[in-house]
Amino acid sequence: MEASFPKTILSHGMDNRYLVLAVSTVLNEEGNSEKHLIITASQSLEYEEQCILRNDWCTTPVEPGDIIHLEGDGTSGTWIIDEDFGYLILYPDILISGTSIASSIRCMRRAVLSETFRSSDPATHQMLIGTILHEVFQKAISNNSFTPEKLQELACQIFQEIRHLKEMYRLNLNPDEVKQEVEEYLPSFAKWAGDFMHKSTSADFSQMQLSLSSDGSNNNSTCNIEVINSLDIEESIWSPRFGLKGKIDVTVGVKIHRGSKTKYKIMPLELKTGKVSNSIEHRSQGETKKKFKDPSAPQRPPSAFLFCSEYHPKIKGEHPGLSIGDVAKTLGEIWNDTAADDKQTHEKKAAELKENTKRILLPMELKENQMQQKTGVVKADKSKKRKRRKRMRRKRKMKRKKMMMYMEESGNCIGNLIRTEHVKRVCDGQYLHNFQRKKGAMPVTNLMAGDRIILSGEERTLFALSRGYVKEINMTTVTCLLDRNLSVFAESTLFRIDQEEKNCDIDTPLGNLSKLMENTNARFVTMNKSEFLPTFLRNITKSMDLLFSKKLRDLIIDFREPQFIPYLSSVLPHDAKDTVASILKGLNKPQRQAMKKVLLSKDYTLIVGMPGTGKTTTICTLVRILYACGFSVLLTSYTHSAVDNILLKLAKFQIGFLRLGQTQKVHPDIQKFTEEEICRSKSIKSLALLEELYSSQLIVATTCMGISHPVFSRRTFDFCIVDEASQISQPVCLGPLFFAQRFVLVGDHQQLPPLVLNREASKIMSLSNKLTYEGKLECGSEKVANAVINLPNFKDVKLELEFYADYSDNPWLIGVFEPNNPVCFLNTEKVPAPEQVEKGGVSNVTEAKLIVFLTSMFIKAGCNPSDIGIIAPYRQQLKVINNLLVHSFVGMVEVNTVDKYQGRDKRIILVSFVRSNKDGTLGELLKDWRRLNVAITRAKHKLILLGCVPSLKRYPPLEKLFCHLNSEKLISFLLCIWSHLIVLL
DNA sequence: GCTCTGCTTAGAGGA
């Protein structure tokens, strides 16, 4: 049997995870179908339990091999899930949003598609209105100010925010109409506040019917509800028990007055805007409205209401297992039974927040008693029970700790962190946090700057508090940019960081492909008058897109030959000729030919740029020429840093740029080109100004993935330049091409970006040249004269080495440190240095030790740690090296994979090849000659290769390398390290 | 066999 989630750790208890072993459908005594499951929660699969699904649950599509979570009572070894009691959650570790579940009732495919492909559900102006209104309401309730003037002011502010203006641009809306539409709702906000907040006596509050299951009284007593304060905005709830996730518009503290009794509760508050329709979602809304029995309800539904816990309309037979009713019920239970009798103040917010989360995640713990009563479990004597509970708790804790350590070992998590320093607020929704280990140093981790993370508390109740990314990580501190401010938690709170699972973005590439295949028959839909103009404009844009699709299909799928116009005079504007001529002056002949070809192209041009051929310069010149000719240009590349590389070179020329997309490290010289900075400096606060910016003759620069930006919904360009095109997958590379008449792809199908060349580097280059370019690569510049690596304290190091071993008697040491020796290969054949194969990958401890030893010697000799780079093809080896570095006080030396070193260089590069075995095992990784080519072309001054020659010889590319190393007189040779020298380590 | 980059996210409303 194949398990659906083989990594799931099966367990009992609150977070139980069962593996389904067998499923059978049987008829019970009443003649109704039941599904009987044989399940197990033991890793060894030996202890079997039974689960019976009745009523609607019978249609749950559960199969052998599935992982399920059960809620209810399984104490007897048999779980019974029916319409009254219990839940089965299929794939509980896939968290599904409430919206997706709601939309799945109408159309399952639709829900799955919109969860997978964002673009399948395009933005509408109603959504924009809804978003703005939500923000107005949230601001108003957190400031506790619902006066008409204040609401008006808030609406104005929010309306002017750049992200909303961008959406207006995308949708081609009239800003006055949007604003008016927003304002129409404001009185209902004020009314809501009047009804539910700020009243002097409880009798003034709107009456509503609430059934509070918590007090066990009859379900229809009338009570007054009073919203006291707002505790949180957009609080996220993740429940790995119910398999649900979502966000709460506003978390509020309310007082419920019934007769003489008053109860304080924390409740979620959900806001709905828009018109009433007969949809399931709106029917639910209507239900709620009825429950509130608000006699003065306006024609529109109430603008806001409490989504109270008791609300769970049952909608039967529309969805197996989990209907919206169930979702609501689930959420309801989550929020249930949490009454606190005294009113809580703002100072208690931290505690409240914590409590809050507890409520979200541990409803069943609170309900434990109730459930046992309901199922009639005979209670053992109390002390026994207490002991058992204690034991269970300890067991659970131990298990968690074990899991935690397992996670940390895998390198995808860092636990036991405490907050240090103050939280720095960057802007709304961005807070800079610093964390340190409570005890000891950071563990060895895969986490790197830029990685997306989920931040949780170590207590399970504080699960998934916030998300964000790693800004910086070193041996003692990890700095994260998070979407929530965690200073509300006590200083002693222990946190953990988990790497967010890769969100494989299939949306853009598949979206691009489907766009490529779109039919050219643009359809005009019927529309009302007020919508006519924007819709018309959208369709015009749409039909242009479709023309581009047709053309791209011809070129890319049908391989139509690209066309060129015969004469430059027809493309070069008269007044640009001089400028263009002067720009061309600085170029060599092939570069000038490339420029000409691009200018003459009607479809596309391909530019192959081998390392060192001045690819970036060529692109810059091209951009300058196109700009001078008055063409609009879209400039894209594979990575943010590659985009910025080009912009950095162009920054000295008088060219305007619009740099789109969020980069974590923006160069100060490029900062002024970012959209964010432009909008700030020009204080763009109206759609008119934004439209002016977007339509100006700025060169738009972004990554290939950045094409969902609003600007592309309304603009096309004369030229699109794609840098590093050979590194980008075709479906992604396709994206920007839809927005331009002509495109230029620049890249090297053999290799990667160029490097700074000098004499040593050129020798280094000869390696690469022989291996992959068959001698076609030439050194592009002779200007760099400082030939050798500078090691000011080398004498001291030499002395130290003499102390351990006779330096002059060991040619390998000379080979390594001799400045005039740019390349050497250290053969570990005789050491020996065998590889280790583990679940995390391949590593080689001896090689790692040698690398760290050599690195420390270079640093002692006076080399700057930042000038040294360590490369290994395997992640596991990086971990081992990093771990050794942490304990060797060598300082920050960059250790990375070959792939990550693409397009970059260092003065000294040490490569650990790792593979060393006698059985002839080969990995795929080193068979790719392009990877080897990258590894050996990253060094500017010194390249030290380390590995076991006989093992590596089995890889054809490496064999070629050894052949070359042996034959090349100018560079160093294969050097054997003798085992007695390992004493150094 | 073990490697990489790009994406904020759920929900914003309608049907």
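The chains referred to below are lettered A, B, ... by the order of the sequence lines, with proteins before strands, and numbering in each begins at 1.
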Once you round it to whole Å, what is the distance between P of B:dG11 and CZ of A:Phe137? 17 Å
Given B:dG6, is OP1 or OP2 found less than 4.0 Å from the side-chain N or O atoms of A:Arg452? no
I need the OH-P distance between A:Tyr469 and B:dG6, as an integer number of Å. 12 Å
Take atom CD of A:Gln499 and atom C1' of B:dC7, then tell me their distance rounded to the nearest Å. 15 Å
Considering only side-chain heavy atoms of A:Thr131, which listed nucleotide, B:dT9, B:dA12, B:dT5, is closest? B:dA12
For A:Arg484 and A:Glu234, work out which heavy atoms get closest and say how close. NH1-O, 3.1 Å
Which value, in whole Å, describes the distance between the P atoms of nucleotides B:dC7 and B:dG11? 24 Å
For B:dT9, does either OP1 or OP2 sit under 4.0 Å from a side-chain N or O belonging to A:Arg484? no
What's the gap between B:dA12 and B:dT8 when it is taken at their C1' atoms, as a whole Å value? 15 Å
Is a salt bridge present between A:Lys166 and A:Glu675, judged by a nitrogen-to-oxygen distance below 4.0 Å? yes
To the nearest Å, how far apart are A:Ile129 CD1 and B:dG14 P? 10 Å
Distance check: side-chain N/O of A:His640 vs OP1/OP2 of B:dC7, anything under 4.0 Å? yes
Identify which nucleotide among B:dA12, B:dG6, B:dT3 has an atom closest to any side-chain atom of A:Tyr874, counting heavy atoms from C-beta outward. B:dT3
So which atom in A:Gln877 and which in A:Asn844 form the shortest heavy-atom distance, rounded to 0.1 Å? OE1-N, 2.7 Å
What's A:Asp483 touching, base or sugar-phosphate or nothing? Going by heavy atoms closer than 4.0 Å. nothing
Smallest heavy-atom separation, A:Val700 atom then A:Phe712 atom, equals CG1-CZ, 4.1 Å
Nearest to the side chain of A:Lys245, heavy atoms from C-beta on, is which of B:dG6, B:dG13, B:dA10? B:dA10
With a cut-off of less than 4.0 Å, is there a side-chain N or O of A:Thr897 near OP1 or OP2 of B:dC4? yes
Rounded to whole Å, CD of A:Glu235 lies from P of B:dT9 at a distance of 20 Å
Quick one: does A:Gln138's side chain have a donor or acceptor within less than 3.5 Å of a partner on A:Asp249's backbone? yes
Please find the pair of heavy atoms, one from A:Leu271 and one from A:Phe189, that lie closest to each other, and give the distance. CD1-CE1, 4.1 Å
Starting at OH of A:Tyr431 and ending at P of B:dT8, how long is that distance when rounded to a whole Å? 19 Å
For B:dT9 and A:Lys247 - does any side-chain N or O of the residue sit under 4.0 Å from the phosphate oxygens OP1/OP2? no
Any side-chain N or O of A:Arg875 under 4.0 Å from OP1/OP2 of B:dC4? yes
What is the distance, rounded to the nearest whole Å, between atom CG of A:Leu455 and atom C1' of B:dT9? 16 Å
B:dC7 phosphate, OP1 or OP2: any side-chain N/O from A:Thr703 under 4.0 angstrom? yes
Think A:Ser708 has a side-chain N or O under 4.0 angstrom from the OP1 or OP2 of B:dC7? no
Distance check needed: B:dT9 P versus A:Met127 CE, whole Å only. 17 Å
